[in-house]
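The shown structure was predicted, so the numbers you read here are calculated from the model rather than taken from an experiment. Lettering of chains follows the sequences in order, A, B, ..., and the numbering in each one begins at 1. Hydrogens, waters and symmetry mates are skipped; everything else that's a heavy atom, side chains included, is used.
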There are 2 protein chains.
Amino acid sequence: MKNSQNLLKNSPLKVTPQRLEILQTIQKNGHISIDDLYAHIKEKFPSISLATVYKNIHTLKDEGILLEIHPQDAKSHFEIKKEPHGHFICKKCGKIYDFEIKTSCNPNLSEISEIDESEVYLYGVCKECQ
Amino acid sequence: MKNSQNLLKNSPLKVTPQRLEILQTIQKNGHISIDDLYAHIKEKFPSISLATVYKNIHTLKDEGILLEIHPQDAKSHFEIKKEPHGHFICKKCGKIYDFEIKTSCNPNLSEISEIDESEVYLYGVCKECQ
DNA sequence: AATGTCAAGGATAAAAATTATTATTTAATG
DNA sequence: CATTAAATAATAATTTTTATCCTTGACATT
């Protein structure tokens with residue numbers, strides 16, 4: 001688990017307390033929505049602006065530090081970018097779980113085009129909610 | 001390819017000209033955003049309200065007639081629900097292509113939970129744009 | 001065909017979400 | 001520490017989506 005400071009140091013972005021807190025909050029939660037992120041950050045930086053959160057999220061996304069997740073029936077969530085993986089989303093509690101994708105058996109997709117990125121979402125009810 | 005009228009007749013929803021036009025437009029385009037849909041519909045029904053389009057899209061989605069697609073960096077698109085399949089999204093022209101998912105080789109995912117639904121997105125540059 | 005009922009449409013307002021603007025502050029650099 | 005570019009906060013503006021209210025239309029039954 002890379003620490004937040006290095007993520008920023010290895011980018012052209014400046015290291016600011018707000019950014020560190022944003023990254024640490026995301027890292028701690030795994031995946032988080034803008035709203036929840038804002039609520040958390042506000043505890044430490046009561047004066048932070050929602051616009052700052054939005055701007056930073058997008059800046060960090062553009063830098064390839066963050067990744068956006070689009071669950072059905074929920075707002076976008078964000079996570080620290082790491083190895084490619086899938087997301088399982090619980091329809092009851094909304095929790096998002098990562099899972100490994102075994103690429104050992106590739107369906108023949110390359111005929112369509114070169115693939116740069118991929119997203120895989122699975123939906124169901126997680127063990128805790130069953 | 002089911003016709004739009006039957007899709008509605010097999011649901012508790014009433015068959016209205018606006019709904020037929022919405023479904024036919026989606027069917028003709030394969031995948032479409034709310035904006036584009038609204039623009040198309042307006043040609044035939046100049047008086048239609050954007051709110052009506054929103055309302056119908058969500059009603060049809062709730063009935064399981066439509067499916068929402070969430071491309072990275074683009075607004076939601078909608079399609080007629082059919083057999084499960086993946087989506088390839090061209091990063092240049094934004095066009096969305098369907099592709100078949102071969103389920104013959106299943107990675108061991110069931111340990112997480114029962115899977116109800118899934119979404120698979122691939123991103124790259126399509127042949128036309130290369 | 002006429003009628004009654006309930007859902008759907010249109011217009012608009014309201015709410016929610018996102019982005020833009022500007023002045024001020026702060027991080028990084030020499 | 002002084003300079004410069006970038007980030008923040010505050011606010012306004014814009015965009016997107018949903019809710020409300022009233023009218024109209026679909027459709028089953030007569």
Side-chain angles (χ1 to χ4, degrees), chain A residues 3-26 32-63 65-66 68-78 94, chain B residues 3-26 32-66 68-78:
Chain A
N3 77 62
S4 311
Q5 194 138 4
N6 285 342
L7 286 174
L8 290 172
K9 286 245 174 87
N10 294 332
S11 81
L13 303 178
K14 290 185 176 167
V15 180
T16 71
Q18 289 91 337
R19 277 183 184 155
L20 283 174
E21 188 63 22
I22 286 175
L23 285 174
Q24 280 159 16
T25 304
I26 297 178
I32 198 167
S33 68
I34 296 261
D35 287 350
D36 291 348
L37 180 58
Y38 180 55
H40 274 88
I41 304 282
K42 245 195 156 184
E43 289 172 15
K44 271 218 174 155
F45 293 88
S47 73
I48 201 172
S49 162
L50 179 55
T52 301
V53 177
Y54 270 101
K55 200 157 7 124
N56 273 321
I57 285 292
H58 285 118
T59 308
L60 292 166
K61 205 186 142 196
D62 291 345
E63 274 313 316
I65 294 171
L66 292 185
E68 188 169 356
I69 303 166
H70 306 86
Q72 290 268 11
D73 311 313
K75 298 186 65 182
S76 280
H77 282 58
F78 298 86
Chain B
N3 76 62
S4 312
Q5 193 137 4
N6 285 343
L7 286 174
L8 289 172
K9 285 243 173 88
N10 294 332
S11 80
L13 304 178
K14 290 182 178 170
V15 180
T16 72
Q18 290 89 338
R19 276 183 184 155
L20 283 174
E21 189 62 23
I22 286 175
L23 286 174
Q24 280 159 17
T25 304
I26 297 177
I32 197 167
S33 68
I34 297 260
D35 287 349
D36 291 350
L37 180 58
Y38 180 55
H40 275 88
I41 304 282
K42 244 193 158 187
E43 290 173 14
K44 272 218 174 157
F45 294 89
S47 73
I48 201 172
S49 160
L50 179 56
T52 300
V53 177
Y54 269 102
K55 233 190 297 180
N56 273 319
I57 285 292
H58 285 117
T59 309
L60 292 165
K61 203 186 145 197
D62 291 346
E63 273 312 316
I65 295 172
L66 292 185
E68 187 168 356
I69 304 166
H70 307 86
Q72 289 270 11
D73 309 315
K75 298 187 65 182
S76 280
H77 282 57
F78 298 86

* Asked: Given C:dT19, C:dT12, D:dA10, which nucleotide is nearest the side-chain atoms of B:Ser49?
  -> C:dT12
* Asked: Quick one: are A:Val15 and A:Gln5 in side-chain contact, heavy atoms under 4.5 Å?
  -> yes
* Just wondering, do B:Leu23 and B:Ile65 contact through their side chains at under 4.5 Å, heavy atoms? -> yes
* Give the rounded distance in Å between these two atoms: CD1 of B:Ile34 and P of C:dA17. => 17 Å
* Across the strands shown, which category fits B:Thr52 at heavy-atom distances under 4.0 angstrom: base, sugar-phosphate, nothing? -> base
* To do: Figure out the NE2/P separation between A:His77 and C:dA17, and round it to whole Å.
  => 13 Å
* Anything under 30° is parallel, anything over 60° is perpendicular, the rest tilted; go ahead and classify B:His70 against A:His70. => parallel
* Asked: Within the pair A:Gln18 and D:dA9, is there a side-chain N or O less than 4.0 Å away from OP1 or OP2?
  -> yes
* Asked: Would you say C:dG9 has OP1 or OP2 under 4.0 Å from some side-chain N or O of B:Asn56?
  -> yes
* **Spacing of A:Ile57 atom CD1 relative to C:dT18 atom C1', expressed in whole Å** => 13 Å
* To do: Specify the separation, in whole Å, of atom CD of A:Glu21 and atom C1' of D:dT8.
  => 15 Å
* Quickly work out the B:Ile22 CD1 to C:dG10 C1' distance and round it to whole Å. => 13 Å
* Atom-to-atom span, CG of B:Leu50 to C1' of D:dT15 - whole angstrom -> 11 Å
* Are any side-chain N or O atoms of B:Gln72 and backbone N or O atoms of A:Glu68, one a donor and one an acceptor, separated by less than 3.5 Å? -> yes
* Quick one: label A:Pro12 by what it contacts on the DNA or RNA (base, sugar-phosphate, nothing), any heavy atom closer than 4.0 Å. => nothing
* To do: Identify, between B:Lys55 and B:Lys14, the residue whose nearest nucleotide on DNA chain D lies closer to the 5' end.
  => B:Lys55
* Structure fact -> Closest to the 5' end of DNA chain D, once A:Ala51 and B:Lys9 are matched to their nearest nucleotides, is A:Ala51
* Asked: Any side-chain N or O of B:Thr16 under 4.0 Å from OP1/OP2 of C:dG9?
  -> yes
* Asked: Can you tell me how far P of C:dA17 sits from OH of A:Tyr38, to the nearest Å?
  -> 13 Å
* Asked: Would you say B:Arg19's side chain and B:Asn56's backbone share a donor-acceptor pair under 3.5 angstrom?
  -> no
* Using a cut-off of less than 4.0 Å, is there contact between a side-chain N or O of A:His58 and OP1 or OP2 of C:dT18? -> no
* A:Tyr54 OH - C:dT19 C1' separation (whole Å) -> 10 Å
